[in-house]
Chemist: 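Handing you this structure, nothing more for now.
If you're wondering where the values come from, they're calculated on a predicted model, not measured in any experiment.
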Amino acid sequence: MRMARSSSVFMYNVPKQQYPPTFKLFFFFLPIGLALTSFFLVFIYIYTTSTVLLTNPQSSPFLQPATNYSLLDLIIPVPTGDEETIPFSIDNTAEDLFFDLPTTPSYSKQTQWSLPLGDLFGFTGDNMNNTEIYHDTDTFLEDYKEMNKSFKIFVYPHKPDDPFANVLLPVDFDPQGHYASELYFKKALFNSHFITKDPNEADLFYMPFSIADMRHDPRIGPEGLQDFIKSYIFNISSKYPFWNRTGGADHFYVACHSISRIAMDKAVEAKENAIQLVCSSTYFVTSYFPHKDVSLPQIWPKEGDPKSLVSSKRNQLAFFAGQVNSPVRAVLLKHWVNDTEIFAHFGRLESDDGEEQLRSKFCLHVKGFEVNTARVTDALHYGCVPVILANHYDLPFTDILNWRSFSVVVHYVDIPVLKKILQGISFEELSWLQNNVLKVRKHFKWNVPAVDYDAFYMAMYELWLRKSSVRVRLSASREFI
């Protein structure tokens, strides 16, 4: 009680103490001084970190305009012939703006491709041996056998006379075009041993609608995709018990067109839970989850193998051909359009670009409107080492394949030194890369019927990795499902 009273007396008397004027002025100016100091420090930081760009915009390799091109011409090229056009939007190019610009003149930092051979391929230290095309060959082969033996898929049934049979059933012809992977998968699955008619045996459930076909159906079209899928999920969840027991977490669908990114916007549960097998697999956007979803290779169907695949004399360093429909390609154009060793052609080649890929050591996959194009599989088809210039691209079958063993992945900011990176790869390193390209080619091909270890079986293995290990009993009289 006495201690409490002493404390209160002390607090009462503190304001009555007399302090020198200088002491009072110190506490008056202290917060003002701190505020002014902080302001000047922030100003100095902003000035010193942005002075290069503010005083000399041409000093940045990414802000310097390309000769004889306007920005409008570079980003929104005039469509030619039968080439499909995609509306320009900031969503398509937003991630390109996230360049990690160098802040000091010491730009030529050492990359993984300028390292000695032992470091590049993991011959030294505790690194993985990067000459192996699989992350773990023994595990993959063992699991692949188990997947082939036990993995079961239930496909929601639809009759041939269904009004939307054209988007729900497989096509009766060989798929063509940019989005053929979507149709090849469905056709292969319907003719595979993975299908079960008993949902109680199923590990996963397939929703067989084709977004590529829905886009061209006048009854649906791009504007009706979301309503169609919302109604479809409502119907299967009302008729069958399987969706509701997991919220769709053991369901999957396949889409190769980037419009699939918004297709599930009116079916939020599906968007968050269902497994997506998609070609446009970028983890820059929030609708794609690498641990849940699967990246499919995009292809442009080709018949047979090139005759001169192995004997081809590759006397050209690198090759690229395509429209300038992204800031990344605009930067590539600015630096390499007139180079004698990197053949960068913007637009369509009058001749078959396969000949150029056959005589090139490296073939460039450069992000356009999306991170994905068929150029990766084209490069592999022609035995050319793919160079990936597509930040945030979740590469196909990356859970299985060691991409460092057969490709070169380059960040956007390294475009100005691209030639130096490629020329820094030794003959022995290039030989390893080329040999591994020939080994992985089979994994990026779709076949009718499907062939062991082709793109269909690799996609099935990715699904098998994502199947739930927990089985739910629907009723006491049923098996665990």
Chemist: Could you check whether any side-chain N or O of Lys187 sits under 3.5 Å from a backbone N or O of Pro449, counting only pairs where one atom can act as donor and the other as acceptor?
Modeler: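 Absent.
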Chemist: Measure the spacing between OG of Ser360 and CG of Leu422 and express it to the nearest 0.5 Å.
Modeler: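 So the gap between those two atoms works out to 11.0 Å.
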Chemist: For the residue pair Arg441 and Leu380, what are the closest heavy atoms and their distance?
Modeler: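 Looks like NE-O, 2.8 Å.
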Chemist: Show the numbers, then the answer: is there a ring-ring contact (aromatic ring centres under 6.0 Å, His included) between Phe209 and Phe228?
Modeler: CA-CA 10 Å; Phe209 49 76; Phe228 182 93; 7.0 Å; no
Chemist: Any luck finding a side-chain donor-acceptor pair between Ser405 and Trp432 under 3.5 Å?
Modeler: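 Not at all, the side chains of Ser405 and Trp432 share no donor-acceptor pair under 3.5 Å.
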Chemist: Rounded to the nearest 0.5 Å, how far does CZ of Phe252 lie from CG of Asn273?
Modeler: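 Nearest 0.5 Å value for the CG-CZ distance: 16.0 Å.
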Chemist: Using the side chain to side chain contact (heavy atoms under 4.5 Å, CB included) rule, take Ile233 and Met207 through it: C-alpha gap first, then chi angles, then the decisive distance, then the call.
Modeler: CA-CA 9 Å; Ile233 293 176; Met207 300 178 289; 4.2 Å; yes
Chemist: Would you name the heavy atoms of Thr373 and Gln298 that are closest together and state the gap between them?
Modeler: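 So the two residues come closest at CA-OE1, 3.8 Å.
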Chemist: Is a side-chain donor or acceptor of Arg375 paired with a backbone partner of Leu364 at a separation under 3.5 angstrom?
Modeler: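 Side chain of Arg375 to backbone of Leu364, a donor-acceptor pair under 3.5 Å: no, none is there.
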Chemist: Only one of Leu418, Ile421, Ile342, Leu430 passes side chain to side chain contact (heavy atoms under 4.5 Å, CB included) with Phe362; say which it is.
Modeler: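 For Phe362, the side chain to side chain contact (heavy atoms under 4.5 Å, CB included) check succeeds only for Leu430.
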Chemist: Do Trp464 and Glu146 pass the side-chain hydrogen bond (donor to acceptor under 3.5 Å, both in side chains) test, and can you show the C-alpha distance, the side-chain angles, and the key distance before you say yes or no?
Modeler: CA-CA 10 Å; Trp464 185 80; Glu146 178 62 29; 5.8 Å; no
Chemist: Can you confirm if the aromatic rings of Tyr206 and Tyr156 lie within a centre distance of less than 6.0 Å?
Modeler: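 No, they do not, as the ring centres are separated by 6.0 Å or more.
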Chemist: Quick one: does any side-chain atom of Ser237 pair with a main-chain N or O of Phe234 as donor and acceptor, under 3.5 Å?
Modeler: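 Yes, Ser237 side chain to Phe234 backbone: donor-acceptor pair under 3.5 Å.
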Chemist: Does Gln226 reach the main-chain N or O of Ile262 with its side chain, forming a donor-acceptor pair under 3.5 Å?
Modeler: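 Yes, Gln226 side chain to Ile262 backbone: donor-acceptor pair under 3.5 Å.
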Chemist: Does the side chain of Ile415 reach to within under 4.5 Å of the side chain of Leu389, using non-hydrogen atoms?
Modeler: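 SC-SC contact between Ile415 and Leu389 confirmed.
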Chemist: Angle class for the His443/Phe140 ring planes (parallel below 30°, perpendicular above 60°, tilted otherwise)?
Modeler: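 Answer is perpendicular, since the angle exceeds 60°.
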Chemist: With a 3.5 Å distance limit and no angle check, can you tell me whether Ser181 reaches the backbone of Pro297 through a side-chain donor-acceptor pair?
Modeler: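 Judged by distance alone, yes, a pair lies under 3.5 Å.
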Chemist: Check whether more than 12 heavy atoms from other residues, nucleotides or ligands sit under 6.0 Å from atom CZ of Phe289, and answer yes or no.
Modeler: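 More than 12 within 6.0 Å, yes.
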Chemist: Please report the interatomic distance NE2(His365) to OG1(Thr377), rounded to the nearest 0.5 Å.
Modeler: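 Output value for this atom pair is 9.5 Å.
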Chemist: For residues Arg329 and Gln323, report the shortest heavy-atom separation together with the two atoms involved.
Modeler: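 Minimum heavy-atom separation between Arg329 and Gln323: NH1-O, 2.8 Å.
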Chemist: Closest approach of Ala263 and Ile211, non-hydrogen atoms and distance?
Modeler: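 Scanning both residues completely, I find the closest heavy atoms to be CB-CD1, 3.9 Å.
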Chemist: Treating Asp213 as the side-chain partner and Ser210 as the backbone partner, does any N or O pair qualify as donor plus acceptor under 3.5 Å?
Modeler: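 Side chain of Asp213 to backbone of Ser210, a donor-acceptor pair under 3.5 Å: no, none is there.
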Chemist: Can you check side-chain hydrogen bond (donor to acceptor under 3.5 Å, both in side chains) on Asp143 and Thr139, steps first, answer last?
Modeler: CA-CA 6 Å; Asp143 287 350; Thr139 299; 5.8 Å; no
Chemist: Do the side chain of Asp454 and the main chain of Ala450 share a donor and acceptor less than 3.5 angstrom apart?
Modeler: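 Between the backbone of Ala450 and the side chain of Asp454 there is no qualifying donor-acceptor contact (under 3.5 Å).
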Chemist: Decide, yes or no, whether a salt bridge links Glu462 with Arg466 under the criterion of side-chain N to carboxylate O below 4.0 Å.
Modeler: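 Yes, charged N to carboxylate O under 4.0 Å.
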Chemist: Charged N to carboxylate O below 4.0 Å: is that the case for Glu356 and Arg359?
Modeler: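 Answer for the salt bridge query: yes.
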Chemist: Taking all atoms of both residues into account, what is the closest heavy-atom pair of Lys367 and Val328, and its distance?
Modeler: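 Heavy-atom minimum between the residues: O-CB, 4.2 Å.
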Chemist: Would you sort out whether Phe456 and Asn447 count as a side chain to side chain contact (heavy atoms under 4.5 Å, CB included), showing the intermediate values?
Modeler: CA-CA 8 Å; Phe456 169 72; Asn447 298 288; over 6 Å; no
Chemist: Please determine whether side chain to side chain contact (heavy atoms under 4.5 Å, CB included) holds for the pair Glu272 and Met264, giving the CA-CA distance in whole Å, both sets of side-chain angles, and the decisive distance to 0.1 Å.
Modeler: CA-CA 9 Å; Glu272 294 178 349; Met264 296 288 176; over 6 Å; no
Chemist: Among Tyr457, Tyr382, Trp403, which one satisfies ring-ring contact (aromatic ring centres under 6.0 Å, His included) with Phe444?
Modeler: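 Going through Tyr457, Tyr382, Trp403 one by one, the ring-ring contact (aromatic ring centres under 6.0 Å, His included) with Phe444 is satisfied by Trp403 alone.
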Chemist: Crowded around Gln423 CD? As in, over 12 foreign heavy atoms under 6.0 Å?
Modeler: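 Counting other residues, nucleotides and ligands, CD of Gln423 exceeds 12 neighbours.
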Chemist: Please check if the number of heavy atoms outside Asp452 that lie under 6.0 Å from its CG is greater than 12.
Modeler: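 Yes, because the 6.0 Å sphere around CG of Asp452 holds more than 12 heavy atoms from other groups.
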Chemist: Show, in sequence, the C-alpha distance, side-chain angles and deciding distance for Asp265 and Lys230, and conclude whether the salt bridge (charged side-chain N to carboxylate O under 4.0 Å, His left out) test is met.
Modeler: CA-CA 9 Å; Asp265 279 359; Lys230 179 182 179 181; over 6 Å; no
Chemist: Walk me through it: do Gln276 and Val294 pass the test side chain to side chain contact (heavy atoms under 4.5 Å, CB included)?
Modeler: CA-CA 6 Å; Gln276 307 174 84; Val294 176; over 6 Å; no
Chemist: To check you understand the geometry: which heavy-atom pair defines the closest contact between Val437 and Phe406, and what is its length?
Modeler: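 Smallest heavy-atom distance, with atoms named: CG2-O, 3.5 Å.
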Chemist: Between Lys445 and Asp305, is the closest basic N to carboxylate O distance under 4.0 Å?
Modeler: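 Result for this pair is yes, salt bridge flagged.
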Chemist: Say whether, by atom type as modelled, one donor and one acceptor occur between the side chain of Glu341 and the main chain of Gln316 under 3.5 angstrom.
Modeler: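 Absent.
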Chemist: Using ring centroids (six-membered ring only for Trp), state whether His392 and Tyr288 fall under 6.0 Å.
Modeler: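 Here the rings of His392 and Tyr288 have centres that are no less than 6.0 Å from each other.
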Chemist: Answer yes or no: is there a donor N or O on one side and an acceptor on the other, between the side chain of Asp394 and the main chain of Ser295, under 3.5 Å?
Modeler: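 No; judged by distance alone, with no hydrogens or angles, the pair does not exist.
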Chemist: For the backbone of Ser426 and the side chain of Glu429, can you confirm whether one donor and one acceptor N or O come within less than 3.5 Å of each other?
Modeler: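 It does hold such a pair.
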Chemist: Calculate, to the nearest 0.5 Å, the distance between atoms CD1 and CG belonging to Ile275 and Leu465 respectively.
Modeler: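 Going from the CD1 atom of Ile275 to the CG atom of Leu465 covers 10.5 Å.
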Chemist: Would you compute the distance between atom CZ of Arg261 and atom NZ of Lys271 and round it to the nearest 0.5 angstrom?
Modeler: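 Atom-to-atom, Arg261:CZ and Lys271:NZ are 10.0 Å apart.
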Chemist: For Lys419, does the NZ atom sit with more than 12 other heavy atoms under 6.0 Å from it, leaving out its own atoms?
Modeler: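 Enclosed: over 12 neighbouring heavy atoms sit under 6.0 Å from NZ of Lys419.
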Chemist: Please determine whether a side-chain nitrogen of the Lys or Arg among Asp227 and Lys266 lies less than 4.0 Å from a carboxylate oxygen of the Asp or Glu.
Modeler: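 Looking at Lys266 together with Asp227, the answer is yes, because their closest N to O distance falls below 4.0 Å.
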Chemist: Return the CD1 to OH distance between Ile388 and Tyr393, rounded to the nearest 0.5 Å.
Modeler: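 Result: 7.0 Å between the selected atoms.
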Chemist: Just say parallel, tilted or perpendicular for the rings of Phe346 and Phe320, cut-offs at 30° and 60°.
Modeler: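 Ring orientation of Phe346 relative to Phe320: tilted.
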